[in-house]
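First listed ligand is number 1; within each ligand, the first listed atom is number 1. Positions are given from 1, in the same order as the sequence printed here.
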Amino acid sequence: MSTDENSNELHLVMFPFLAFGHISPFVQLSNKLSSYSGIRISFLAASANVRRIETMLNRTAATQIIPLTLPHVDGLPEGVENTADTSPATVELLKVALDLMQPQIKNLLTHLKPHIVIFDFAQSWLPPIATELGIKSVCFSVFLGIAIAYVTACIGRNIPPTIEEVTNPPPGFPGTIGFRTFEASDFLYIFTSFHGTPSVFDRLMKCFNGCDAILMKSCTEMEGPYLDYITKQVNKPLLLIGPVVPEPYSGELDQTWTNWLTHFPARSVIYCSFGSETFLTDDQITELALGLELTGLPFFLVLNFPANLDSSVELKRTLPRGFMERVKGKGVVHSGWVQQRHILAHESVGCYVCHAGFSSVIEALVNDCQLVMLPLKGDQFMNSKLMAMDWKVGVEVNRRDEDGYFGKEDVFEAVKSVMMETETEVAKSIRENHKKWKGFLQNDEIQKKYIIDLVKDLKTL
Ligand SMILES: C[C@@H]1O[C@H](OP(=O)(O)OP(=O)(O)OC[C@H]2O[C@@H](n3ccc(=O)[nH]c3=O)[C@H](O)[C@@H]2O)[C@H](O)[C@H](O)[C@H]1O
């Protein structure tokens with residue numbers, strides 16, 4: 001592809017799925033690229049999401065946000081335009097709305113005339129539209145290579161795999177990482193069709209087949225064998241962003257939390273949270289809360305609930321009886337958004353119990369807290385395996401194979417292994433590996449090199 005003869009400018013359209021877990025990596029990518037001269041970004045966003053994106057996207061003269069109108073879909077309340085604002089019952093209707101946007105997107109692309117449209121897994125209808133308009137399309141995976149590799153292992157199947165097939169790594173799959181029964185059962189979600197729309201697997205395959213290149217939020221140092229495996233499976237150019245480390249939030253940590261955290265000795269507090277849209281079941285909340293109490297360490301527990309529920313009612317309903325009184329002065333439970341990057345950077349925080357959302361684990365690694373993972377859905381299982389079994393930078397809470405049940409003792413044992421038994425070989429090597437990856441992730445030169453190469457790759461697509 002050749003850029004505009006006169007300006008040599010590369011105009012990119014960004015088009016993420018309607019979820020902030022997806023919008024955020026598209027914003028990170030835009031911010032990395034727009035810091036280079038000659039890159040123009042048009043960021044497509046459903047109207048209701050624009051204000052929040054404005055606070056995240058570095059605005060330059062060459063960056064614009066273009067509001068989209070989400071078509072009406074029966075059952076999807078007006079103004080609900082991202083997964084965090086839906087209820088579990090209506091979340092899949094967002095894909096119905098997205099699919100109805102094809103004429104709007106075609107019209108926009110016709111007028112914007114970008115060189116490349118960078119799009120998400122759900123917009124499987126986009127590559128043919130882009131090709132028809134003479135625009136290159138790049139499918140950007142916000143998931144790690146290891147998760148995508150496992151999906152591409154199913155290429156060529158006429159019917160979805162069975163749970164038994166998913167639990168065993170397919171021939172040629174790098175390493176020995178396979179799924180447990182409850183993880184395999186969760187993985188089968190990608191083969192399920194809702195409201196008559198294509199399954200995630202079908203969408204992803206159409207995206208991969210139709211696009212000009214696949215862009216991964218990863219790099220060879222982090223996931224070389226998995227990226228090689230994907231390349232073999234999809235037979236498309238694989239572009240890499242490199243190690244993407246979220247930019248630190250500006251400003252200070254809220255005074256209330258600073259005051260609370262500062263009460264405790266350095267590296268003693270457990271921060272426990274599950275990202276932007278992962279919710280625990282009642283039983284999981286009970287066992288987690290009791291497990292944290294059992295450690296005897298101070299803790300800051302963040303529990304969120306689907307948008308259609310009242311979180312204060314849910315907290316009262318789900319926390320064990322007498323729990324808040326027993327942990328008074330030592331533990332806090334909060335519902336709602338917190339300044340996670342500030343919290344992880346606070347010197348009192350020594351352990352992060354989390355869902356293994358990729359941004360969250362990276363944020364833990366660039367700080368000094370120990371990583372205890374409790375993955376609950378989708379790519380989180382694979383992210384956690386990469387961290388615990390490949391990189392060996394943290395531990396996973398032990399679970400029952402058939403249904404993923406964990407008890408308070410399992411939470412306690414996992415925390416104990418990294419926070420109290422610090423002289424064991426395992427704990428020592430976890431700390432060593434953490435240090436190594438922290439150095440790698442903080443190396444600006446490596447990050448810059450990947451972005452420079454990516455810009456070159458995009459220009460020559
Ligand atoms: C692709 C999708 O991303 C999802 O990610 P989610 O947004 O939960 O988690 P992270 O990647 O850790 O990202 C979460 C991001 O939100 C920030 N944050 C979150 C909550 C809060 O209260 N305050 C914060 O600052 C946090 O610091 C991080 O930067 C899931 O894994 C899902 O499985 C995956 O498919």
Side-chain angles (χ1 to χ4, degrees), residues 16-29 31 49 52-53 55-56 82-85 88 91 94-95 120-122 139-148 150-151 183 186-187 189-190 200 203-204 215-218 241 243-254 257 271-280 300-307 311 332-346 349 352-367 369 371-387 394 441:
F17 178 55
L18 304 160
F20 273 91
H22 290 242
I23 293 168
S24 298
F26 272 76
V27 167
Q28 285 176 341
L29 173 65
N31 288 346
N49 302 330
R52 187 153 155 208
I53 295 172
T55 65
M56 301 153 69
N82 67 69
T83 52
D85 290 343
V91 68
L94 283 173
K95 291 192 191 123
D120 213 329
F121 81 99
C139 182
F140 175 31
S141 164
V142 303
F143 306 110
L144 268 181
I146 186 171
I148 292 296
Y150 221 96
V151 175
E183 295 167 327
D186 177 272
F187 180 75
Y189 155 79
I190 69 164
V200 169
R203 285 177 189 268
L204 208 50
L215 174 58
M216 302 293 303
K217 191 185 159 193
S218 190
I241 308 184
V244 178
V245 180
E247 292 157 26
Y249 271 178
S250 52
E252 299 291 317
L253 174 61
D254 189 271
W257 297 128
Y271 168 61
C272 176
S273 84
F274 298 88
S276 60
E277 46 194 80
T278 297
F279 312 115
L280 280 74
F300 181 165
L301 170 60
V302 183
L303 290 173
N304 289 315
F305 300 91
S311 51
V332 282
V333 184
H334 174 81
S335 209
W337 193 258
V338 293
Q339 294 157 288
Q340 175 161 308
R341 281 168 240 178
H342 287 95
I343 294 168
L344 287 170
H346 195 284
V349 175
Y352 180 27
V353 177
C354 71
H355 62 317
F358 189 54
S359 298
S360 294
V361 290
I362 294 294
E363 287 162 19
L365 290 178
V366 295
N367 285 295
C369 45
L371 196 53
V372 172
M373 289 162 293
L374 190 48
L376 295 167
K377 62 173 186 183
D379 59 317
Q380 297 166 8
F381 296 118
M382 298 307 272
N383 300 348
S384 181
K385 287 181 203 307
L386 188 79
M387 295 300 140
L441 294 166

Should one rank [options] by closest heavy-atom distance to [atom], which comes out on top?
{"atom": "atom 15 (C) of ligand 1", "options": "Ser359, Ser273, Ala364", "result": "Ser359"}
{"atom": "atom 22 (O) of ligand 1", "options": "Val142, Ile23, Val338", "result": "Val338"}
{"atom": "atom 5 (O) of ligand 1", "options": "Gln28, Met382, His355, Glu363", "result": "His355"}
{"atom": "atom 34 (C) of ligand 1", "options": "Leu376, Asp379, Asp120, Val302", "result": "Asp379"}

First locate atom [atom1] of [X], then atom [atom2] of [Y], and finally report the distance between them rounded to the nearest 0.5 Å.
{"X": "Leu253", "Y": "Ile343", "atom1": "CG", "atom2": "CD1", "result": "6.0 Å"}
{"X": "Leu18", "Y": "Leu94", "atom1": "CG", "atom2": "CG", "result": "5.5 Å"}
{"X": "Phe20", "Y": "Thr83", "atom1": "CZ", "atom2": "OG1", "result": "9.0 Å"}

Is [X] in polar range of ligand 1, meaning some N or O pair under 3.5 Å apart?
{"X": "Ser360", "answer": "yes"}
{"X": "Gln380", "answer": "yes"}
{"X": "His22", "answer": "no"}

Using a 4.0 Å heavy-atom threshold (strictly under), name the region of Trp337 that reaches ligand 1: side chain, backbone, both or neither.
->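 Both backbone and side chain.
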Ring centres under 6.0 angstrom apart (Trp257, His342) =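 Aromatic pair excluded; centres sit 6.0 Å or further apart.
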Centroid-centroid under 6.0 Å between His355 and Phe279 rings =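 No, they do not, as the ring centres are separated by 6.0 Å or more.
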Has the side chain of Asn367 got a donor or acceptor atom that lies under 3.5 Å from a matching backbone atom of Cys369?
->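 Here the side-chain-to-backbone pair does not exist.
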Sub-3.5 Å donor-acceptor pair from the side chain of Glu363 to the main-chain atoms of Pro246, do we have one?
->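 No: the side chain of Glu363 does not pair with the backbone of Pro246.
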Those atoms of ligand 1 less than 4.0 Å from some heavy atom in Arg341 =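 Here the atoms of ligand 1 in question are 27 (O), 29 (O).
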Ligand-side contact atoms (ligand 1) for residue partner Ser276, heavy atom cut-off under 4.0 Å |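 The atoms of ligand 1 under 4.0 Å from a heavy atom of Ser276 are 6 (P), 7 (O), 8 (O).
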Of all the heavy atoms in Gln339, does at least one lie under 4.0 Å from an atom in ligand 1?
->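 Contact check Gln339 vs ligand 1: negative.
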Assess Phe20 for proximity to ligand 1: is some non-hydrogen atom of it under 4.0 Å away?
->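 Under 4.0 Å: no for Phe20.
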Which atoms form the tightest heavy-atom contact between Ala364 and Leu371, and what is the distance?
->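 Residues Ala364 and Leu371, closest heavy atoms: CB-CD1, 3.7 Å.
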